[in-house]
*Asks:* 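Input: one structure, supplied below.
One-based numbering along the sequence shown. Start at 1 and go down the list; that is how both ligands and their atoms are numbered.
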Amino acid sequence: MLRFAPSPTGDMHIGNLRVAIFNYIVSKQRGEELIIRIEDTDKERNIEGKDQEILEMLALFGIEYSQVIYQSENIRFHVAMALQLIHDKKAFSCFCSSDWLDKKRQEAKDSKTAYRYDDACRNLPDELVIDNPNPFTIRIKRPDSTVVVHDHIKGDVSFEPDAVDSFIIMRQDKTPMYNFACAVDDMLADISLIIRGEDHMSNTPKQDHIRTALGYSKKIEYAHLPIILNDDGKKMSKRDDASSVKWLLEEGFLPSAIANYLILMGNKPPKEIFDMSEAVEWFNLDSVSKSPARFSIDMLRYINKEHLKNLDAKELSRYVGFADIEIGELAKVYLEEISTIKELRAKIAPIFANKEIPQEFKEASLILIETIKKAPYFEEYDDFKNFIMKESGLKGKDFFKTLRLLLTGVEHGPDLAAVYKYLKNYIGEIVK
Ligand code: GLU
């Protein structure tokens, strides 16, 4: 069983989407299920409706899953497991106040050493623990030996017991800390492989240690994906528009193209343009690059254009916002000039909009409009053109520029014959 574990605390970042896609591909390759775990235990940071938004986003990208689990529904298990650890003497109650701990943390900072809990409460005699009215947290005892994490991308990574520390697993209010909830949930769901961002690498030995302490012997496999850098080589953050999946979709990038690019980054696929089902054929988690991937909007634009070219006229017309297949065919004429749906819409919209004719073509346009209104239907552009040229008496720039303006709303663009082919049934709507 694999899992994608988003927090409903913000917009989906391309890094999260990449994690979801990789999980989906590997679950398909292994014939294992993929579950979605909404990590909603941080009540203050949760944003209402984000969980649904994430699920809709996954659907849009064709990421199928078998189940959705809400982490908050597992809290009773987290509490039970924490009590078990206390009972087994693998965890202990800690009465140190936050002020005291803050002071210790500050001291470590001032002396430029890494803060470690000093295990002050680790061996308190029972009489000081039982019936002690003071608030307490629960800490797991630090491991006795090195924790080694086997990672499909990073290789073996070792963590010394001190780096893992005797860390808090339950807060004073008896809610689970993130690492504890996550470790227990992965165990309860019988997860076999965790694919996630490398920002979670430091959590991994802690989570592994929790499961070992609980007597869980199954070793979960890991793959921590390198971060994504922006064009300046800095970690992509919320300040980079392109880091938001919503923004990319609004800009007119196709889900299939975004997925294509996120898989391409850090991989060496047999071809550049592909869909997810093709990626399932060749994707190899072990050969994903260890170094950070660099996001290039120009590369995404190129990939998007290729995906747009692969759409049929019907799909294309739907994306542009029309039901008629001819508009999809017309859109194809414009594909060389654009890279996104938004840019394509900006080409098609002026054709059907009320047209602003520049002063210098005003007079010619009035004549042409009258002529076109009187013209019969012509199958071929040349017949149409010859007829209105003759009837209007206009020629040269006055004729061609004005006709282009009346048909397309702009002064430059593709060959009018190519455009006419798909617009001939709409001439009455277009030239008013
Ligand atoms: N909820 C975490 C996040 O959104 C993911 C945790 C995990 O995959 O283990 O970053």
*Asks:* Going by the angle between their ring planes, with limits at 30° and 60°, are Phe136 and Phe95 parallel, tilted or perpendicular?
*Replies:* tilted

*Asks:* Identify which one of Ser291, Ser296, Pro292 satisfies the side-chain contact (heavy atoms from CB on, under 4.5 Å) criterion when paired with Leu229.
*Replies:* Pro292

*Asks:* Give a yes/no verdict on a cation-pi contact between Arg105 and Tyr115, requiring under 6.0 Å between NZ or CZ and the six-membered ring centre and an angle within 45° of the axis.
*Replies:* yes

*Asks:* Ligand 1 versus Tyr222, non-hydrogen atoms closer than 4.0 Å: side chain, backbone, both, neither?
*Replies:* neither

*Asks:* Nearest protein heavy atom to atom 5 (C) of ligand 1, by residue and atom, and its distance?
*Replies:* Ala5 O, 3.2 Å

*Asks:* Which atoms of ligand 1 have any heavy atom of Cys182 under 4.0 Å away?
*Replies:* 9 (O)

*Asks:* Identify whether NZ of Lys or CZ of Arg in Lys206 sits under 6.0 Å from the centre of the six-membered ring of Phe180 and within 45° of that ring's axis.
*Replies:* no

*Asks:* Is the Phe4 to Tyr65 ring centre distance short of 6.0 Å?
*Replies:* no

*Asks:* Is it true that Arg37 lies under 4.0 Å from ligand 1, counting heavy atoms only?
*Replies:* no

*Asks:* How far is atom 4 (O) of ligand 1 from its nearest protein heavy atom, and which residue and atom is that?
*Replies:* Ser7 OG, 3.4 Å

*Asks:* When you measure from the heavy atoms of Phe4 to every atom of ligand 1, does any distance fall below 4.0 Å?
*Replies:* no

*Asks:* Heavy atom to atom 3 (C) of ligand 1, shortest distance: which of Arg196, His200, Gln207, His13 holds it?
*Replies:* His200

*Asks:* Heavy-atom contacts with Arg3 under 4.0 Å: which atoms of ligand 1 show up? List them by number with element.
*Replies:* 7 (C), 8 (O), 9 (O)

*Asks:* Can we say Glu306 and Lys309 salt-bridge, meaning some charged N sits less than 4.0 Å from an Asp/Glu carboxylate O?
*Replies:* yes

*Asks:* Check for a donor-acceptor pair, side chain of Asp240 on one end and backbone N or O of Ala242 on the other, with a separation under 3.5 Å.
*Replies:* no

*Asks:* Counting non-hydrogen protein atoms only, what is the nearest one to atom 6 (C) of ligand 1? Give residue, atom name and distance.
*Replies:* Tyr178 OH, 2.7 Å

